[in-house]
Every structure is written in structure tokens, then in C-alpha cells.
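Please read the structure below before turning to the comments.
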Amino acid sequence: MKITIVAVGLRQPAWADSAVEDYLGRFPKDWAVSVKAVKPELRSGQSTANIMKTEAERIRAAIPHNSLIIAMDERGKDLTTIDFAKKIRTWRDAGESLCFLIGGADGLDPELKAQARMLMRLSSMTLPHAMARVMLAEQIYRAFSILTNHPYHRA
């Protein structure tokens with residue numbers, strides 16, 4: 001299975017980078033999970049729509065070819081961990097490569113969200129960008145552990 005997280009933001013706090021790398025390092029070779037960081041657009045008096053459009057172009061360029069796109073969005077589907085694992089199993093069994101998108105400070109461009117197969121949220125609360133990366137990496141790892149009967153998930 002190939003999973004890519006494309007996230008706007010090149011510089012994250014050291015604790016967040018460390019946590020994400022820790023989770024990514026736990027996957028076996030047949031689960032290729034990676035993060036591609038995309039440069040945020042400079043604000044410098046631009047409209048929010050223009051910023052999101054420019055970031056969307058950078059995000060699109062980072063999405064691996066033929067990936068099923070799941071966009072992180074505060075109005076997206078709220079899945080339990082078990083339901084998330086079931087979705088990943090379905091996509092894995094269909095031979096899909098997945099690409100999760102995390103937008104910048106203003107979120108994701110509406111046209112980019114419209115291209116996604118699914119909008120998903122990590123929490124009903126607003127999360128700092130770095131925390132969203134960590135939570136997504138952890139939940140993908142937890143889904144892997146559920147699907148492989150690994151003892152990490154003990155529910």
C-alpha cells in the first residue's frame with residue numbers, strides 16, 4: 001500500500017517532525033507512507049482565494065499520479081478509528097494509492113476539495129497544523145495496526 005500525506009508548510013516544530021517521523025518509521029516495507037511538504041504562499045496583501053489557489057497548484061504538483069485523494073476539512077466526514085481502518089482496507093484491497101491533503105492556514109481551495117474522493121475531519125475541534133500532521137500519521141498507523149492485528153491498537 002502506498003500512502004502520501006501532502007501538507008502545506010515546510011517548517012514544523014521539532015516535536016511534530018519527530019512524532020511524524022516516528023510513526024512513519026514504524027510501517028513495514030509493504031506500507032510506503034510518506035509526507036510531502038509544500039511551500040505555503042506568502043500572504044503579502046493577497047486575497048485568501050488567491051493564496052489557496054496558488055497553494056492548490058503546489059499541492060496538485062505533489063500528488064502522486066493516480067492517487068485517490070482524501071482532503072482534510074473541518075466539514076468533512078467524521079470517522080471512528082475502526083471506520084477509518086475499514087475505509088483503508090477497502091481502498092487497499094482495491095489496489096488504490098492514497099493521498100491525504102492538509103491545507104495551509106486558510107484551508108484547501110474549493111476546487112481542490114471538489115476533486116477529492118472524500119472530505120474527512122480529524123476532530124470537531126480546530127487543530128494546529130502540526131498537530132493535524134501528527135494525528136493523521138498516528139491514525140494511519142493505528143489503522144495499519146488494526147488491519148494487521150498488531151497490538152498497538154488494543155480497543
Side-chain angles (χ1 to χ4, degrees), residues 1-13 15-17 19-24 26-27 31-41 43 47-147 152-153 155:
M1 170 143 231
K2 184 173 181 179
I3 299 174
T4 306
I5 299 169
V6 176
V8 175
L10 299 176
R11 295 172 37 151
Q12 298 301 303
W15 64 265
D17 284 339
V20 169
E21 287 305 313
D22 178 58
Y23 287 115
L24 297 182
R26 297 179 187 197
F27 288 98
W31 278 67
V33 183
S34 63
V35 174
K36 288 185 178 180
V38 174
K39 180 182 174 193
E41 179 63 7
R43 303 199 75 71
S47 69
T48 300
N50 200 37
I51 291 167
M52 289 192 303
K53 186 177 182 85
T54 302
E55 289 176 348
E57 291 170 12
R58 294 175 184 154
I59 291 168
R60 281 188 191 95
I63 297 171
H65 185 65
N66 289 331
S67 291
L68 183 149
I69 300 169
I70 302 104
M72 300 293 102
D73 185 82
E74 64 187 355
R75 289 169 291 286
K77 188 164 180 60
D78 189 12
L79 298 173
T80 66
T81 297
I82 299 298
D83 288 338
F84 184 55
K86 288 177 183 176
K87 284 272 190 202
I88 288 182
R89 178 178 51 221
T90 298
W91 293 324
R92 179 199 64 195
D93 293 351
E96 300 278 7
S97 291
L98 306 179
C99 185
F100 292 89
L101 308 181
I102 300 174
D106 298 304
L108 291 166
D109 181 70
E111 289 180 25
L112 186 58
K113 288 193 285 190
Q115 291 177 303
R117 174 83 57 90
M118 178 179 161
L119 299 179
M120 186 177 98
R121 70 176 174 194
L122 291 169
S123 173
S124 295
M125 296 180 164
T126 301
L127 299 174
H129 188 86
M131 186 66 75
R133 282 193 202 192
V134 173
M135 281 188 65
L136 182 56
E138 191 278 338
Q139 285 298 295
I140 294 169
Y141 181 72
R142 187 172 294 274
F144 157 79
S145 72
I146 290 167
L147 297 176
Y152 180 80
H153 181 77

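Values below: every heavy atom of this structure, side chains too, minus hydrogens, waters and symmetry copies. Nothing here was measured: the structure is a model prediction, and the numbers come from that model.
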Where does the angle between the aromatic ring planes of F144 and Y141 fall among parallel (under 30°), tilted (30 to 60°) and perpendicular (over 60°)? tilted

Go through L98 and I140 one step at a time and tell me if the side-chain contact (heavy atoms from CB on, under 4.5 Å) criterion holds. CA-CA 11 Å; L98 306 179; I140 294 169; over 6 Å; no

In terms of heavy-atom contacts, L127 and A132 come closest through CD1-CA, 4.3 Å

Can you tell me if H129 uses its side chain to pair, donor with acceptor, with the backbone of V8 under 3.5 Å? yes

Could you tell me whether D22 and R26 make a salt bridge, using a distance below 4.0 angstrom between a side-chain N and a carboxylate O? yes

Would you sort out whether W91 and M118 count as a side-chain contact (heavy atoms from CB on, under 4.5 Å), showing the intermediate values? CA-CA 12 Å; W91 293 324; M118 178 179 161; 3.8 Å; yes

More than 12 heavy atoms of other residues, nucleotides or ligands under 6.0 Å from CE of M131: is that the case? no

Quick check: closest heavy atoms across V38 and L10, and the distance to 0.1 Å? C-CD2, 3.8 Å

Which pair of heavy atoms, one from T4 and one from P64, lies closest together, and at what distance? OG1-CG, 3.4 Å

Mind checking whether D109 and E55 have side chains closer than 4.5 Å, heavy atoms only? no

Can you confirm whether the side chains of T126 and E74 place a donor and an acceptor under 3.5 Å from each other? no

Please report the interatomic distance CD1(I63) to CG(L101), rounded to the nearest 0.5 Å. 4.5 Å

Taking the side chain as every heavy atom from C-beta outward, state whether I5 and V20 have any atom pair closer than 4.5 Å. no

Distance col, row L68:CG vs S97:OG, nearest 0.5 angstrom, shows 9.0 Å

Go through the steps to decide whether I102 and R133 satisfy the test side-chain contact (heavy atoms from CB on, under 4.5 Å), and finish with yes or no. CA-CA 8 Å; I102 300 174; R133 282 193 202 192; 3.9 Å; yes

Counting only heavy atoms not in E111 (residues, nucleotides, ligands), do more than 12 fall under 6.0 Å from its CD? no

Hey, is R58 close enough to E41 for a salt bridge, meaning N to O under 4.0 Å? yes

Minimal non-hydrogen separation, Q12 against A16, with atom names: CB-CB, 4.3 Å

Pair R142 + E138, salt bridge at N-O below 4.0 Å: yes

Rounded to the nearest 0.5 Å, how far does CG of D83 lie from CE of M120? 11.5 Å

Cationic N near anionic O, under 4.0 Å, D78 to R121: yes

Any chance you could measure I88, atom CD1, to D93, atom CG, to the nearest 0.5 Å? 11.5 Å

To the nearest 0.5 Å, atom CG of L79 lies from atom CG of L122 at 9.5 Å

Please evaluate residues D106 and R43 with respect to the criterion side-chain contact (heavy atoms from CB on, under 4.5 Å), reporting the C-alpha separation (whole Å), side-chain torsions for both, the decisive distance (0.1 Å), and the verdict. CA-CA 10 Å; D106 298 304; R43 303 199 75 71; 2.9 Å; yes

Could you report the tightest heavy-atom contact between F84 and A143, atom names first, then the distance? CD2-CB, 4.2 Å

Polar side chain donor-acceptor pair, S47 to N50, under 3.5 angstrom: no

Taking atom NZ of K2 as the centre, report whether more than 12 heavy atoms of other residues, nucleotides or ligands fall under 6.0 Å from it. no

When rounded to the nearest 0.5 Å, the distance separating CZ of R92 from CH2 of W31 is 6.0 Å

Measure across P110 and M52 and return the closest heavy-atom pair with its distance rounded to 0.1 Å. CD-CE, 4.1 Å

